[in-house]
Amino acid sequence: MKDITNEQLIRATYAVAKFKDPETAKLLNELAGRLDCALVAARTACLERDSSVRAEIEWETAMRQAVGEDGVDDVVLVIESLKSAAGEQRAQAWIDAKDFTKSMLASDSVDHIDFLFDGKVQQILEGRA
């Protein structure tokens, strides 16, 4: 019996059911039908799992090739460093605007402009703006 496949077992159960009393035949047919459905569901789940694993591996490989690093953690670090660089660029733009504005105004209001612009720069660098 160990050498018989699941499909052969299901067919044999349907065949044997024809020769049994109606109540036993009904039970055997139900059992064979449920076994067949369970096997199809298991095969489908395995195929979906394998497909998901392949897709994840492909994505990780593509990310490694795009970033030139070895792992997902490295990709996350690169993304964080890009965010940090963008914040620093925004802060530098505010510093440049402050310097330009200071050069355009009288010297008595320069201290107030320093205070306003420096506060905005600090917010950007801390990630609050």
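Values below: every heavy atom of this structure, side chains too, minus hydrogens, waters and symmetry copies. Worth saying up front: this structure is predicted, and the values here are computed from it rather than measured.
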Could you tell me whether E56 atom CD has more than 12 heavy atoms of other residues or ligands within 6.0 Å of it?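 Atom CD in E56 is not crowded, with 12 or fewer foreign heavy atoms closer than 6.0 Å.
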Hey, could you give me the [atom1]/[atom2] distance between [X] and [Y], rounded to the nearest 0.5 Å?
X	Y	atom1	atom2	result
D21	T24	CG	OG1	3.5 Å
L47	R49	CG	CZ	9.0 Å
I57	R54	CD1	CZ	9.0 Å
L28	K18	CG	NZ	13.0 Å
R11	D36	CZ	CG	10.0 Å
E7	L35	CD	CG	9.0 Å

Are [X] and [Y] side-chain neighbours, meaning at least one heavy-atom pair lies under 4.5 Å?
X	Y	answer
E23	L27	no
L39	I10	yes
C46	R43	no

Could you pull out the closest heavy-atom pair between A25 and A17, with the gap in Å?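 Shortest heavy-atom contact: CB-O, 3.0 Å.
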Group every Ile, Leu, Val, Met, Phe, Trp and Tyr by side-chain heavy-atom contacts under 4.5 Å, then state whether L9 and L31 land in the same group.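 Unlinked, L9 and L31 end up in two clusters.
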